[in-house]
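These notes concern the structure reproduced below.
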Amino acid sequence: MKKIYICAMALSVGSLSFGQSLTTKAFSEQKQQRTAATGIQTNNTTPHYKAPGDLLWSEDFDASSSLPTGWSVVDNTGNGAVWVVQAAGILPDADFTTNQATIASTSGQNCILLYSDLYETPIPASGYYDMDSYFQSDAIPLSNVLGVSVNFQQSFRKCCSITPAPVAVLSVSTDAAFTNPTEYDIINGVGQLSADPMNVSVNISSIAANYTGDIYIRFHIKSGIEAYFWMIDDIEVVESETNDIVTSSPSARFYGVEYTRIPASQVQPMSATMNYNNIGVIDQTNSNLTVTIDEGTTQTEFSTPNITIASLEVDTIVWDSLWTPSTTVGTSYSVTLDILSEDSTDASPDNNTFTMAPFIITDGIMALDDHSATPGSTGGGSVGSTTEYEAGNQFDCTVDAPLYAIEIVTGDQTPVNTFIDAVLYL
């Protein structure tokens, strides 16, 4: 259930300092369009003898150039697109991937790679196909611990804006045949290109807490993900942290769009939304979504009513029309979102807070360029002269005004003399 707040409130201005490092969310690139979690519950607890965060098991793939003993890879498509152990360095060039380095993981050597772009270069005779490939661990022994998490690092670039949404999961089972597995999403709301590395912690206590015996884990890239690559490294099974909220998919939007330049005549109320997942062992009381508006010299802070986020709860906070910017041309705003408990010290506060790309009030320009010096996609490589697709941005004008021009920027790999139709939908 989404927690939705509708608010009209006066501004209170004050100073605020951040004791956390902030992660900037960039607009994801767009690539050509191709056709191509399981329910969680808490467990009763019993005494345990390991401290939160203690390492129970790990694998960094550095011992050999082949899979660890007892591990397996499977491609359910029958196309031979399997995960492989990959040495650190630059990947071979493929149709949509050039000069791509392997994951910048902590161990920094081998990783495990699904190079879907290379498998589909050149284009298969039957056309592009979705990935459906996994790798599976050998038995991992557990002995009655209070909470269990799987930590790992990943780096991926996936395709595309596919419906239904692409699926990539960590699957956990108490038997090697995976007769009754529990699955956990590992995309975490990333649009196309992940951080390098993207640090992920998944609480698997719903299947592994207070359990004595072997578990098995699979990393499974399922249907809806065609090209590019997926790399994983430094997998750990650890005792879960006591207090640990993880957030994803932050957004500060105007009528559903994240503008970076807004004409004064089109100023609208801003809404905010962010997903959360309490991967800690205990409930997080007095938690809230806090939105901080930074105008350079002053900061304004809003907070939703406090709630209790239960252990292993996954949900979304949506806050509609919480604030309206001024219409002063040239004013620049930066928006920061965080979800934290006022009663606990989070084990990893860096993944609770996001700062959005700034936006500026203008006299006439509306833009989604992310303030980049070189905006636009880097796509448009070897797509073939007969491949046609449509890409565009959404702009909502609430006040009638003349439209004088539309500017687009294409990537530096777009072939010279590429024919482009400009289409305006009203």
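Everything quoted here is computed from the prediction, not taken from an experiment. When a residue number appears, it is its place in the shown sequence, counting from 1.
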Evaluate Q284 against E342 for side chain to side chain contact (heavy atoms under 4.5 Å, CB included), listing each step before the verdict. CA-CA 9 Å; Q284 296 299 291; E342 296 177 0; over 6 Å; no
So, taking the atom named [atom1] in [X] and the one named [atom2] in [Y], what distance separates them when rounded to the nearest 0.5 Å?
X: I232; Y: I221; atom1: CD1; atom2: CD1; answer: 6.0 Å
X: N243; Y: I279; atom1: CG; atom2: CD1; answer: 11.0 Å
X: Q154; Y: M198; atom1: CD; atom2: CE; answer: 5.0 Å
X: Y184; Y: N203; atom1: OH; atom2: CG; answer: 7.5 Å
X: T174; Y: N180; atom1: OG1; atom2: CG; answer: 7.5 Å
X: N275; Y: T316; atom1: CG; atom2: OG1; answer: 3.5 Å

Check each of S240, S348, S149 against S201 using the side-chain contact (heavy atoms from CB on, under 4.5 Å) test, and report the only one that passes. S149
So which of D294, V335, T336 actually passes side-chain contact (heavy atoms from CB on, under 4.5 Å) with T355? T336
Identify the two heavy atoms, one from [X] and one from [Y], that lie closest to each other, and give their separation to 0.1 Å.
X: Q153; Y: T106; answer: OE1-N, 2.8 Å
X: T212; Y: N144; answer: OG1-N, 3.3 Å
X: S133; Y: V82; answer: OG-CA, 3.8 Å
X: V85; Y: L67; answer: CG2-N, 3.8 Å
X: I317; Y: L289; answer: CG2-CD2, 3.7 Å
X: A208; Y: V148; answer: O-CG2, 3.7 Å

Side chains of [Y] and [X]: any donor to acceptor distance under 3.5 Å?
X: S251; Y: T273; answer: no
X: D62; Y: N110; answer: no
X: T398; Y: D396; answer: no
X: T285; Y: D343; answer: yes
X: Y276; Y: E313; answer: yes
X: T260; Y: D369; answer: yes
X: N286; Y: S341; answer: no
X: D233; Y: S105; answer: yes
X: T308; Y: D283; answer: no

Test applied, ring pair (Phe, Tyr, Trp, His ring centres under 6.0 Å); reference residue, F219; option that passes from F135, W71, W230: F135
Side chains of W57 and E236, heavy atoms from C-beta outward: is any pair under 4.5 Å? no
Close side-chain approach of V150 to I235, heavy-atom, < 4.5 Å: yes
Would the F254 and F359 ring centres measure less than 6.0 Å apart? yes
Examine R218 relative to Y134 and say whether NZ or CZ is less than 6.0 Å from the centre of the six-membered ring and inside a 45° cone about the ring axis. yes
